[in-house]
Amino acid sequence: MMIDEVIISRAIAEEFLREFCDFLDVDVAIAGGGPAGLTAGYYLARAKKKVVLFERKLSVGGGMWGGGMMFNKIVVQDEGKEILDEFGICSRKYQDGYFVADSVEAVSTLCSAAVKAGLRIFNSVFVEDVVVREDRVGGLVVNWSAAEIAKLHVDPMSMRAKSVVDATGHDCAVTRIVERKFGKGLNTATGKIVGEGPMSADAGERTIVENTGEVAPGLYVAGMAANAVCGGPRMGPIFGGMLLSGKKVAKIIGGG
Ligand code: 48F
């Protein structure tokens with residue numbers, strides 16, 4: 001059989017558009033494909049929610065690839081190790097309460113498990129706004145990252161979701177938009193984005209799970225975005241909190 005270039009092009013374009021259209025109306029839309037977003041996506045998809053994730057960069061994984069200072073190892077505590085085990089990610093005990101895993105294995109396995117569970121990821125797409133309906137965050141407004149990088153004046157497109165998760169990390173990009181435009185105040189101590197505190201691994205890992213939740217009707221925060229929005233400290237290259245936060249937000253939204 002002679003391979004036809006046009007058939008290759010049609011296959012890509014038609015399949016992509018079919019899925020893109022299918023995922024314009026979902027149960028949950030996640031902004032950001034770092035460890036928290038991927039973990040949330042996995043548990044939600046496994047619970048049979050229709051869930052889509054938009055990632056600004058070409059690759060998902062966020063800050064996990066680089067481990068600590070590009071030493072590509074991550075550390076997790078006992079509770080984080082339980083989630084690594086659930087995914088089948090290998091880890092080695094360093095000392096009591098500290099386990100070390102390979103960051104490349106961790107990202108690639110989280111991503112693979114989430115996609116196989118049913119999460120649809122659109123990469124190179126960024127979230128630039130939210131849809132508000134009946135006083136609730138009811139969807140996302142997305143555009144190509146390439147358009148953003150080239151500073152092209154191109155209008156975005158909108159999609160509908162019953163729940164939205166801001167998993168954009170330190171930026172807390174979606175909540176920042178909601179804070180600016182929603183006009184009703186956030187469910188935080190100040191009603192605004194409190195901002196993340198300086199490094200404190202123990203407190204950061206604890207508060208990130210506590211801070212995971214709904215901050216405006218229909219909008220949930222997970223991962224580093226939860227501490228950035230609610231005022232918890234950063235914690236550096238210990239990643240158990242990111243996994244636990246992703247799992248918690250999935251449970252709150254109804255992902256078991
Ligand atoms: O930053 P990121 O890894 O967030 P996380 O899942 O994990 C945080 C840790 O990696 C690390 C840490 C541990 O101590 O603090 O930073 O909470 O992943 C966030 C992802 O969101 C994407 C960004 O490219 C990254 O991959 N992102 C950011 N803004 C947008 C976005 C946006 N507006 N639209 C789509 N994706």
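Here, residue 1 is the first one in the sequence, and each next residue gets the next number. Keep in mind it's a predicted model, so treat the numbers as computed, not measured.
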Is any side-chain N of the basic residue among Asp27 and Lys48 closer than 4.0 Å to the acidic one's carboxylate O?
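No salt bridge links Asp27 with Lys48.
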Apart from Met2 itself, residues in the same hydrophobic cluster as defined by side-chain heavy atoms under 4.5 Å
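None, because no other hydrophobic side chain comes under 4.5 Å of this residue.
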Donor-acceptor pair, distance only, cut-off 3.5 Å: does the side chain of [X] make one with the backbone of [Y]?
| X | Y | answer |
| --- | --- | --- |
| Thr168 | Ala173 | yes |
| Asn211 | Cys230 | no |
| Asn143 | Val154 | yes |
| Lys73 | Val100 | no |
| Arg136 | Lys162 | yes |
| Ser200 | Gly204 | no |
| Glu179 | Lys192 | no |

Can you name the nearest heavy-atom pair linking [X] to [Y], along with the distance?
| X | Y | value |
| --- | --- | --- |
| Ile238 | Val76 | CG1-CA, 4.2 Å |
| Lys49 | Gly254 | CE-O, 3.5 Å |
| Glu55 | Lys57 | OE2-N, 2.7 Å |
| Val142 | Pro156 | O-CB, 3.1 Å |
| Leu243 | Gly80 | CD1-O, 4.1 Å |
| Val104 | Ser108 | O-OG, 2.7 Å |

Under a single-linkage definition using a 4.5 Å side-chain heavy-atom cutoff for Ile, Leu, Val, Met, Phe, Trp and Tyr, are [X] and [Y] assigned to the same hydrophobic cluster?
| X | Y | result |
| --- | --- | --- |
| Val229 | Tyr220 | no |
| Leu17 | Phe122 | yes |
| Ile3 | Ile12 | yes |
| Val132 | Met157 | yes |
| Val75 | Ile83 | yes |

Can you confirm whether more than 12 heavy atoms, excluding those of [X], are under 6.0 Å from its [atom1] atom?
| X | atom1 | value |
| --- | --- | --- |
| Phe16 | CZ | yes |
| Met199 | CE | yes |
| Tyr98 | OH | no |

Derivation and outcome, salt bridge (Lys or Arg N to Asp or Glu O under 4.0 Å), residues Asp22 and Arg18:
CA-CA 6 Å; Asp22 186 29; Arg18 186 177 58 76; 5.9 Å; no
Please examine the side chains of [Y] and [X], heavy atoms only from C-beta on, and report whether any two atoms are closer than 4.5 Å.
| X | Y | answer |
| --- | --- | --- |
| Ser124 | Leu58 | yes |
| Trp65 | Asn72 | no |
| Pro233 | Thr207 | yes |
| Met235 | Met224 | yes |
| Lys93 | Lys81 | no |
| Leu219 | Val130 | no |
| Glu214 | Asn187 | no |

Rounded to the nearest 0.5 Å, what separation is found between the CG atom of Leu38 and the CE atom of Met242?
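It is 13.0 Å, given to the nearest 0.5 Å.
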Working to the nearest 0.5 Å, report the span between CD of Glu105 and CD1 of Ile89.
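Rounded to the nearest 0.5 Å, the CD-CD1 separation comes out at 6.5 Å.
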Can Arg92 be said to sit on top of Tyr94's aromatic six-ring, NZ or CZ under 6.0 Å from centre and within 45° of the ring axis?
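Not flagged: Arg92 not positioned over aromatic ring of Tyr94.
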Please determine, by modelled atom types, if Glu86 and Tyr42 share a side-chain donor-acceptor pair under 3.5 angstrom.
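The criterion, which ignores hydrogens and geometry beyond distance, is not satisfied for Tyr42 and Glu86.
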Is there a side-chain contact (heavy atoms from CB on, under 4.5 Å) between Asp171 and Arg176? Walk through the geometry before answering.
CA-CA 8 Å; Asp171 296 351; Arg176 225 166 261 293; 5.7 Å; no
[X] pairs by side chain to side chain contact (heavy atoms under 4.5 Å, CB included) with which of [options]?
| X | options | answer |
| --- | --- | --- |
| Val178 | Ile193, Val215, Val137 | Val137 |
| Val131 | Leu140, Val141, Val164 | Val141 |
| Phe54 | Val127, Asn123, Val174, Ile30 | Val127 |

